[in-house]
Structure formats: structure tokens, C-alpha cells
Protein chains: 2
Amino acid sequence: MHPAQVEQVRRFNRLVTQRVGALDESYLRRGRPLGEARLLFETGAKGADLRGLRDKLGLDSGYLSRLLRSLQSQGLIQVRQQRQDGRRRRVRLTAKGRAELAAYDELSDALARSVLAPLGQAERGRLLAAMAEVERLLEAGAIEIAVAAPASADARWCLERYFTELAERFETGFDPAKSNPAADDDLTPPAGCFVIARLNGRPIGCGALKLRTKRIGEVKRMWTAPEARGRGVARRVLERLETEARRLGLKTLRLETNRALKEAQALYRKQGYKEVAPFNDEPYAHHWFEKRL
Amino acid sequence: MHPAQVEQVRRFNRLVTQRVGALDESYLRRGRPLGEARLLFETGAKGADLRGLRDKLGLDSGYLSRLLRSLQSQGLIQVRQQRQDGRRRRVRLTAKGRAELAAYDELSDALARSVLAPLGQAERGRLLAAMAEVERLLEAGAIEIAVAAPASADARWCLERYFTELAERFETGFDPAKSNPAADDDLTPPAGCFVIARLNGRPIGCGALKLRTKRIGEVKRMWTAPEARGRGVARRVLERLETEARRLGLKTLRLETNRALKEAQALYRKQGYKEVAPFNDEPYAHHWFEKRL
DNA sequence: GCGATTCTCTGACCAAAGTCAGAGAATCAT
DNA sequence: ATGATTCTCTGACTTTGGTCAGAGAATCGC
């Protein structure tokens, strides 16, 4: 990683903690200790149960208890036993509490507006676009790639969306029955494997590996959810499949793809796959690729 | 301001305080109270005097004194009287203190690298570009526009760079002596005014207003430092000049510009200036504009 | 030289944030 | 039914961060 790149990230961190963080701490508390303000905010209009609040804010139970007592004595919240489980308790905002929350919301809005205020229309658009981009790419850090059973609910969900998308994008439509099959068993160790990418626990992409011989494997079912594209999900899934392939002792990976899937082809080429002559009769394929591991 | 824009800024603030801010607070302190860590960091390899530290970190003198005592007892710093002024004191890092500072530096680097690690080359480039853009545009909030004397050091500095740039960009070069003059007196109230844009106290742009008659003014000397472009500096300078013009009772503003200055022309048009027939014989001008206030 | 000012230090406070060890009530597992 | 577990509360305690009022030394303005 280039030092100048690291320096840019550090500069960004510095600026942003100064400009955003500092304001957050001083402006956004309305004369209340930060702990209470955060608690009020996290409780929200819908209320919450204590257990959830403790986990989310990482508070000691004793500390939370005292914070709640304080907010209660200010008339902002009510704490009540839950019906189903008498040990648990729920917090709910009173009318006064909701008014207070609305005030926080308004402050937060004002803060956001103050960022946009000195800018002209064009610059605002650029700032917002850049913020969205930073957001998307920072989120990539929270993406996890994991091996999963192809019969699991998450895998099914991915495959369903994958097939739906193929049907929409292929000129000829797509019928899984006519395509070369890849049964669950073929995608389960030791015959192969299935990999899922998750963002905050929700599946956003997948990929699979199927052994053809002891030395040759096939990559299949590569898919990224449209809302998660542009974050390198597919690349990371593919890299993970290659790692698994090496672990299984494979020497060569093959894959085929449809001409409608331009991004996929670009990815394969960038990752070192070379186009080769057709090695199977997959009816939906137009391009065949191969990579020596 | 559109609610969706405000929401985007708020989402960004939330994400960034979580991902950057939280790490900053927990990772980056090496088991030391935040106050001590900040102090160590601010002291830096070169050392600093107490007065400066208090101003920069906004600390109470008693509090600072105690923090220093603590760092001193850990063997990280030395505090010594200054020669010139016996009241003042300087802090310097010991060898151990410098090692500690280097460790902080390394941590900070590691943090930055962890942001880039999950990304591929192309995405890294996009993230860094977006970060730089956010940085530039957030900085716009710190830009201040102020009226100043055209003879002041800051004004002279701007004008010098302005003339140098004109000489480079005009096909014919530029000689101030051949251009229509605007003496200091003409740009000083009540005959006109001179406006400077500053970022963190350093001049980054300027503009001037010169009265032609009681109702007609001329905008002159519009310039933005190259390193500060794309943040709406010129627009804000121009808006300020228009405000001053209205205060002086002017009804019409005029300006002329050279064909090499494309961005300037785009700005004038966007701010409501209409191209008109030449109203003077400025030898370097190709376009003449006018706006009714 | 002298009073005003500047700079740092000390001691006495304070609030916020957080930790720890029980205790009491409710629920779960068997 | 009962012992283990879960959830919350209470009281005692600590650390961090910070304020305030003075005191003492050095320097400045004249």
C-alpha cells in the first residue's frame, strides 16, 4: 500500500473527526450528559428493551440502570415490565421524551444543513456524491466472505435472485433446467464449495466451486446483489474460491459466462483468467475462461 | 435544501463517527487517558511551549499542568524553562516519549491501512478520490470572506499571484500598466472595496469593486488560488461584492474578462450576468458582462 | 523602581463515565 | 420441584476530565 494513500486516509480521518465528531459532542447534547443523550436517541420513538440497549451501547447493567433512573426523573421515559418475560423491561418515551427526541433530530438536521450551506448547487451535488461513495466503500470493510451450505436459506435466497437476474439479462431468457446442472452435493465439501458474501449479516453475493477432476475445478454461481455492486464483492468471493481451490489441491480453474455479463468478463480478465476454446456445451455460454493457480 | 440531501449528510456523519471516531477513541490511545494521548501527540517530535498547547487543545492551565506532571512521571517528556522568557516553559519528548509517539503513528497508519485492505486497486482509487473531494468541500465551511485594504499584505500577495497567472494564461501575456488601472484608493471605501477569501487565515482568493458612477459599479480582480478551486470561493467572493454594492446603493454591476478565462465566464453567467456590448476599451478584454442588482 | 500583567503551579472541588460485587425476582432445563 | 441461569437493580468505588481561586515567579510599561 502506497504511503501517500495511507496519508490521504489519515488526513480524511483527522478532518472528519474534527469537523463532524467535535460538533457531535458539543452541539448535539442539549446540556445533557452524553450518556443520557445517546440513550434517549437509541431508545427512539418505538422504545426498546434494556437488554438490546445494553448490547448496542455496550453499557454496564448498573450504569444503564442509573441512566434510566435519571431520564425517568426528568419525565422523559417510562420503564415497564415486559409481558412475556417478567425479567426483561422495556423503555418507552413519554410525550415529553418524544418532544426532546424531535429536538435532537432538528439539531442534527441543522448541523447537516450547516455543512451544505456555504456551497453552491453544483458543489453540493459533488459533496453528496462523494459522501455516498465514501460510505459505500467504507462499508466494504464490513463485508464478510464465508463458506456455507448451498441448501442454507441464505444460499437459496442468493441463487433465486441470481437466476431471476440471468432470466432478465440473457437475450434468450434463462431456464436452470436447460443449463448444465450443479447439484447441492457437487457444491458441498469435498466435492466443491459454496461461498456467501454478507454485509451486516445479510447476504449480498455468492459464488461456487465444483470439482471436475482432481486437478481441475469450475467456478459457478458468481453473483453480486445490484445494491452492493462497486465494492469489490465479486472479486473477494472469487479470491476466496481460489483459496479454497488451492486448499483442495486444484491446479486449474475454469468458468464460462454469457456475453450479456460484461462486468463479469472484465473481472475474470483482471483476475488473470484467459479466454480459451469451449470446454463444455453449456447452452447459455459465449465465453470460456481458464486460470492456472 | 432538500431533505434527502440533509439525510445523506446525516448518514455520512453517523457512519463516519462510528467507524472513524469510535476507533480513534478506543484503538488510538494505547491504554492511556485520551487527554494524555492528545497532549503527547500535540507536543510532537519538535516539542512545544505550554501556552501554545493550552490554546490549541483548549485546556485549563491547572489541568494541563497536571497532565504534564503525569507524562513526566512516566518518563515521556521533559519540561524546561525557556531562555528568553522565564515565565514560559517548553515541553520536549524524551527518547521514550519519541518511541511512544512513533507507536501512535504506527497505529494510526495501521488503522488507515485497514480501511484500504479489503478493497481492490480500482476501488481504492475511487475511495481516495472521494475522500479528497469530501475533504475539499468540507473545508469550504472554514472559508471566510472579508473586506480588506487593497494595500494590505494579504491583498498584495493575491494581486501578485493574480497578475502572474494572467500573464501565463493570456495569449498575449499581461502587463498591468497597459490594462485599465484600479488604484488602491479606487478600491477603498467609499470609492469601492476589496474583498479577500481566507482558509484558516491564509488568503486563497480575492475580488474588488470600483464605483464608476453613483449607480454603476465594476467588478475587478476576481481570482481564486489554483489549489483552492472547486469550492465555490469565487462565487462567494462575488456574492459578497454584490452585497457591498447594494449597501453602497449601486443598481448595476459590470465586468469584463479575457477569453482565456473560461471558468470565470461560466461563473458570471451562472450568477446572472448577461453579456453586453463593450462598455470600455480595456485592451485585454474579449467579453463584457452586466447584471442588474 | 514599581505596579500591572503574564504564565505556571497547587489545592480544593465537581460531574460524568464506568466498574464490581452482590441481591432479588423471573424463567429455563430437566 | 429445583438448581442453574438470566435480567435488573443497588451501593460502593475508581478514573477521567474539568473548573476555580489563589499564590509565586518573571516580565512589561513607564
Side-chain angles (χ1 to χ4, degrees), chain A residues 17-18 21-43 47-74 76-92 104, chain B residues 17 21-22 24-43 47-74 76-92 104:
Chain A
T17 40
Q18 266 177 33
L23 289 178
D24 235 53
E25 297 252 315
S26 59
Y27 272 43
L28 275 178
R29 42 203 290 186
R30 305 196 15 105
R32 214 182 302 282
L34 190 59
E36 290 182 12
R38 282 199 302 162
L39 189 49
L40 205 56
F41 206 82
E42 202 59 57
T43 299
D49 66 346
L50 299 212
R51 190 67 243 227
L53 286 174
R54 282 201 312 160
D55 289 348
K56 210 153 193 179
L57 296 172
L59 298 175
D60 173 86
S61 65
Y63 186 26
L64 174 62
S65 190
R66 254 176 297 267
L67 284 176
L68 288 174
R69 204 72 353 135
S70 168
L71 288 175
Q72 201 167 26
S73 77
Q74 294 170 54
L76 300 172
I77 59 165
Q78 276 187 325
V79 182
R80 275 206 234 143
Q81 212 108 351
Q82 257 190 353
R83 291 215 192 118
Q84 316 94 301
D85 186 338
R87 293 167 305 180
R88 299 189 153 218
R89 314 211 145 186
R90 271 195 80 74
V91 207
R92 318 185 71 211
Y104 275 103
Chain B
T17 41
D24 236 52
E25 297 253 314
S26 60
Y27 270 44
L28 240 43
R29 43 202 289 186
R30 302 192 21 98
R32 217 182 300 282
L34 189 60
E36 290 183 13
R38 282 199 304 162
L39 188 50
L40 204 57
F41 206 83
E42 202 59 57
T43 299
D49 65 347
L50 300 211
R51 191 65 242 225
L53 286 174
R54 280 201 313 162
D55 289 348
K56 210 153 190 179
L57 296 172
L59 299 175
D60 173 86
S61 65
Y63 186 26
L64 174 63
S65 189
R66 255 175 296 265
L67 285 176
L68 288 173
R69 205 70 356 135
S70 168
L71 288 175
Q72 201 167 26
S73 77
Q74 294 169 53
L76 300 172
I77 59 165
Q78 276 186 325
V79 181
R80 274 203 238 144
Q81 213 109 352
Q82 259 191 350
R83 291 214 192 114
Q84 316 93 299
D85 187 337
R87 292 167 304 181
R88 299 190 153 217
R89 315 213 143 183
R90 271 193 78 77
V91 208
R92 317 184 71 212
Y104 276 103

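Both backbone and side-chain heavy atoms feed into the values below; hydrogens, waters and symmetry mates do not. Every chain is numbered from 1 and lettered A, B, ... according to where its sequence line falls, protein lines coming before strand lines.
A side chain to side chain donor-acceptor pair (under 3.5 Å) with A/D85 is found for exactly one of A/R87, A/Q81, A/Q82, namely A/R87. With A/L39 as the partner, the side chain to side chain contact (heavy atoms under 4.5 Å, CB included) test is satisfied by one option alone out of A/L76, A/L64, A/V91: A/L64.
The listed nucleotides are D/dC9, C/dT10, C/dA17; the one nearest the side chain of B/R69 is C/dT10. Set against C/dC20, D/dA26, C/dG18, the side chain of A/R38 has C/dG18 as its closest nucleotide. The listed nucleotides are C/dG18, D/dT19, D/dG17; the one nearest the side chain of B/P33 is D/dG17. Of all nucleotides listed (C/dT5, D/dT10, C/dT19), D/dT10 comes nearest to the side chain of A/S65.
The distance between atom CG of B/L50 and atom P of C/dT10, rounded to the nearest whole Å, is 12 Å. To the nearest angstrom, P of C/dC20 lies 15 Å from OH of A/Y63. When rounded to the nearest whole Å, the span between CZ of A/R80 and P of D/dC9 equals 15 Å. At whole-Å resolution of the value, CD in A/Q82 and C1' in C/dT27 are 13 Å apart. Taking atom CG of A/D55 as the reference point, atom P of D/dC7 lies 9 Å away to the nearest angstrom.
Using a 4.5 Å cut-off on side-chain heavy atoms (C-beta onward), A/R32 and A/Y104 make contact. Side-chain atoms of B/Q74 and B/S70, non-hydrogen and from C-beta on, do get closer than 4.5 Å to each other.
Proximity of B/R89 to the phosphate of D/dA26: no side-chain N or O atom is located under 4.0 Å from OP1 or OP2. The phosphate of D/dC7 (OP1 or OP2) has no side-chain N or O of A/R54 nearer than 4.0 angstrom. Between C/dA26 and A/R88, no contact under 4.0 Å exists linking OP1 or OP2 to a side-chain N or O.
Within 4.0 Å of A/G86, counting heavy atoms only, lie sugar-phosphate atoms of the nucleic acid but no base atom. If you check every strand for non-hydrogen atoms under 4.0 Å, B/G35 touches sugar and phosphate atoms only. A/R66 comes within 4.0 angstrom of a nucleotide base, judged by non-hydrogen atoms across all strands. Residue-level contact check: B/L64 touches neither bases nor backbone, having no heavy atom under 4.0 Å from any strand. Nucleic acid contact class of A/D85 (heavy atoms, under 4.0 Å, all strands): sugar-phosphate only. Residue B/Q84 is classed as a sugar-phosphate contact, given heavy-atom separations below 4.0 Å to backbone atoms only.
A donor and an acceptor atom, one from each side chain of B/R54 and B/Y63, are nowhere located under 3.5 Å apart.
Residue-to-nucleotide proximity on DNA chain C shows that, of B/R51 and A/D60, the 5′-proximal contact is made by B/R51. Nearest-nucleotide mapping onto DNA chain C: of A/G62 and A/E36, the residue sitting toward the 5' end is A/E36.
Ionic pairing of A/D49 and A/R88 is present here: one or more N-O contacts between side-chain nitrogen and carboxylate oxygen are shorter than 4.0 angstrom.
The base of C/dG24 lies outside donor-acceptor range of the side chain of A/R87, with no N or O pair under 3.5 Å.
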